[in-house]
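Working notes, structure below.
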Amino acid sequence: MKNRHIVLWVLLLLISSPLSAQNDTVKVLFVGNSYTYFWNLPQVVEAMAETQDYPLIARQSTAGGTSLEQHWKGEKDLETISIIKSQQWDIIVFQNHSMSSIDNPESFMEYGKKFIELAREQGAEPYLYMTWAREANPMMFDTIQKAYIKLAKETGTKLVPVGEAWQMARQNNPDIDLYDPDGTHPSPTGTYLIACMFLNQLTGLPVNDIPKRIQTTDRNGQKLYLMIQPQLQADYLQAIVMEIAKSGKGEYESSK
C-alpha cells in the first residue's frame with residue numbers, strides 16, 4: 001500500500017513538473033524582417049500571453065529588409081529553413097518584405113507557398129502576417145491586401161490582418177501615432193496594436209484585459225518594460241482588434 005502511494009505521488013509530481021508544462025506551451029516562430037523585430041514584437045506577444053496565463057514562447061528568424069525569397073535562399077546569414085526543420089514549432093508566422101507584393105508579386109507568391117508547405121511538412125500551422133501601407137502612400141494597402149488574401153485563399157492559410165487593423169485605426173483616428181518617424185516601421189503604439197492582433201489571432205483570447213504596460217525581466221531579474229501605452233489609447237487599439245476579430249477576417253479555405 002505504501003509503495004502504491006509513492007508511485008501515485010511520483011506520477012502527480014511528473015504531471016505538475018516544468019517539463020509537462022513546457023510540453024503544453026505553444027511554440028511560435030516569427031519569420032520576417034524589421035516589421036517583425038521592431039520594438040521587440042515577438043517578446044511583446046509572449047509577455048502579453050503571460051499576462052493572460054497563456055503558455056506561449058515566441059522566437060524569431062529575422063534580418064532587416066529581407067524577403068521570404070532571401071530567407072529561403074539563406075541570404076544575410078539567415079538559417080530559417082534549418083531553424084524550421086531542427087525544432088518543433090506549433091505555429092510559424094511568415095512576413096514578407098513590405099514592398100514584395102508590389103515590386104515582385106511572383107516571388108511573393110512563390111516563396112510564400114514554399115514556406116507554407118514547409119511549415120506543414122514539419123507539423124506546424126502557418127500564419128501570414130499582412131503588413132500595412134507606408135505613411136506617405138496609403139493607397140499601397142489595396143495591393144498589399146489583395147496579395148495576402150490571394151496567397152491565403154490559394155493555400156488555405158490563416159491570415160493575421162494587421163494591415164486592416166492599421167487602416168481602421170488610422171481612418172477612425174487620423175492623429176494616432178502608429179508610425180516610426182521614418183514613415184514605414186511601427187512606433188511603440190503601432191507595435192502594441194500588432195501584438196494585440198497576434199495574441200488574439202494566434203490564441204483566440206480577447207485582448208480587452210491586456211495591460212497598458214507590458215513588462216518582462218532582464219538577465220539580472222530586474223523589471224524591464226517592453227511597452228507603455230496611455231490607458232485610453234490601449235483601450236482604443238484593443239477595441240480595433242476585437243472589431244476585426246468579430247468580423248471573422250483572416251479565415252480562408254483553400255481555393256484549390
Side-chain angles (χ1 to χ4, degrees), residues 28 30 32-52 54 56 58 60 62 91 93-96 98 127-138 140-142 144-145 148-149 152 158-216 225-251:
V28 182
F30 284 84
N33 55 41
S34 53
Y35 275 39
T36 291
Y37 68 66
F38 239 63
W39 297 108
N40 309 300
L41 173 65
Q43 290 89 340
V44 174
V45 173
E46 182 177 316
M48 282 185 172
E50 187 175 356
T51 69
Q52 305 303 299
Y54 190 97
L56 182 148
Q60 61 181 289
T62 56
I91 294 171
V93 177
F94 296 106
Q95 176 252 314
N96 215 332
S98 60
Y127 279 72
L128 292 170
Y129 171 180
M130 178 198 286
T131 56
W132 52 89
R134 299 192 174 182
E135 188 172 23
N137 185 8
M140 288 170 51
F141 181 64
D142 185 57
I144 295 168
Q145 181 185 43
Y148 273 98
I149 290 176
K158 291 184 178 180
L159 177 62
V160 183
V162 172
E164 295 187 20
W166 201 279
Q167 289 290 100
M168 186 183 295
R170 291 188 72 194
Q171 289 168 0
N172 294 339
N173 184 0
D175 294 329
I176 194 164
D177 185 19
L178 297 178
Y179 290 92
D180 182 79
D182 65 10
T184 177
H185 292 97
S187 66
T189 299
T191 296
Y192 187 92
L193 172 62
I194 300 166
C196 283
M197 175 62 73
F198 269 107
L199 183 70
N200 171 257
Q201 295 287 310
L202 299 184
T203 69
L205 293 172
V207 297
N208 310 86
D209 296 327
I210 298 298
K212 64 180 181 179
R213 297 186 176 195
I214 306 300
Q215 67 183 58
T216 183
Y225 283 100
L226 293 167
M227 192 68 55
I228 298 177
Q229 292 293 308
Q231 187 63 60
L232 288 177
Q233 187 159 273
D235 292 343
Y236 173 67
L237 297 174
Q238 292 166 11
I240 293 288
V241 170
M242 295 314 299
E243 182 65 25
I244 290 194
K246 188 166 61 176
S247 74
K249 292 180 179 180
E251 295 283 347

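Note that the coordinates shown come from a computational prediction; the quantities given were computed from them, not determined experimentally. One is the number of the first residue; the rest follow in order along the sequence.
The two atoms that bring Gln238 and Ile210 nearest to each other are NE2-O, 2.9 Å, heavy atoms only. Residues Ser34 and His185 approach most closely at OG-NE2, 2.6 Å, considering heavy atoms. Between Lys212 and Ala234, the closest heavy-atom pair is CB-CB, 4.1 Å. Among all heavy-atom pairs drawn from Ala47 and Ile214, the shortest one is CB-CG2, 3.4 Å. In this structure, Glu46 and Ala58 approach most closely via the heavy-atom pair OE1-N, 2.9 Å. Between Pro138 and Arg170, the closest heavy-atom pair is CB-NH1, 4.2 Å.
The closest side-chain heavy-atom distance from Met227 to Pro211 is not below 4.5 Å. Residues Thr36 and Val93 have side chains not in contact (no heavy-atom distance under 4.5 Å, counting atoms from C-beta outward). Tyr127 has its side chain out of reach of Phe198: every pair of non-hydrogen atoms, C-beta onward, lies at least 4.5 Å apart. Side chains of Arg213 and Tyr225 form a contact here, defined as non-hydrogen atoms less than 4.5 Å apart.
Side-chain atoms of Tyr54 do not come within 3.5 Å of backbone N or O of Met48 as any donor-acceptor pair. In this structure, Gln145 contributes its side chain and Gly163 its backbone to no donor-acceptor pair below 3.5 Å. Between the Trp132 side chain and the Ser98 main chain, no donor and acceptor come within less than 3.5 Å of each other. Asn200 contributes a side-chain N or O that, together with a main-chain N or O of Leu205, makes up a donor-acceptor pair within less than 3.5 Å. In this structure, Ser187 contributes its side chain and Asp177 its backbone to a donor-acceptor pair below 3.5 Å.
With values rounded to the nearest 0.5 angstrom, Tyr148 atom OH is found 11.5 Å from Phe94 atom CZ. Note: Asn137 CG to Thr184 OG1 = 11.0 Å, rounded to the nearest 0.5 Å. How far OH of Tyr236 is from CD1 of Ile176: 5.5 Å, rounded to the nearest 0.5 Å. Between atom CD of residue Gln229 and atom CG of residue Asp235 there is a gap of 11.0 Å, rounded to the nearest 0.5 Å. In this structure, CG on Leu178 lies 10.0 Å from CD on Gln167, to the nearest 0.5 angstrom. Taking CG of Leu41 as the start and CZ of Phe30 as the end, the distance is 5.0 Å to the nearest 0.5 Å.
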Run the side chain to side chain contact (heavy atoms under 4.5 Å, CB included) test on Lys158 and Gln201 for me, step by step, so that the C-alpha distance in whole Å, both residues' side-chain angles and the decisive distance to 0.1 Å come before the verdict.
CA-CA 9 Å; Lys158 291 184 178 180; Gln201 295 287 310; over 6 Å; no
Might you work through the side chain to side chain contact (heavy atoms under 4.5 Å, CB included) test for Val28 and Val45, ending with a clear yes or no?
CA-CA 10 Å; Val28 182; Val45 173; over 6 Å; no
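No side-chain donor-acceptor contact under 3.5 Å links Asp209 and Gln52. A donor atom on one side chain and an acceptor atom on the other are not found under 3.5 Å apart for Tyr35 and Thr62. Side-chain N/O atoms of Thr216 and Gln43 include no donor and acceptor closer than 3.5 Å.
In the displayed structure, Gln215 atom CD is contacted under 6.0 Å by more than 12 heavy atoms of other residues, nucleotides or ligands.
Of the residues Val162, Thr189, Val44, the one that meets the side chain to side chain contact (heavy atoms under 4.5 Å, CB included) test with Ile194 is Val162. No option in Leu193, Asn173, Ile244, Val241 other than Ile244 meets the side chain to side chain contact (heavy atoms under 4.5 Å, CB included) test with Met168. The only option from Tyr179, Phe141, Tyr192 that meets the ring pair (Phe, Tyr, Trp, His ring centres under 6.0 Å) definition with Trp166 turns out to be Tyr179.
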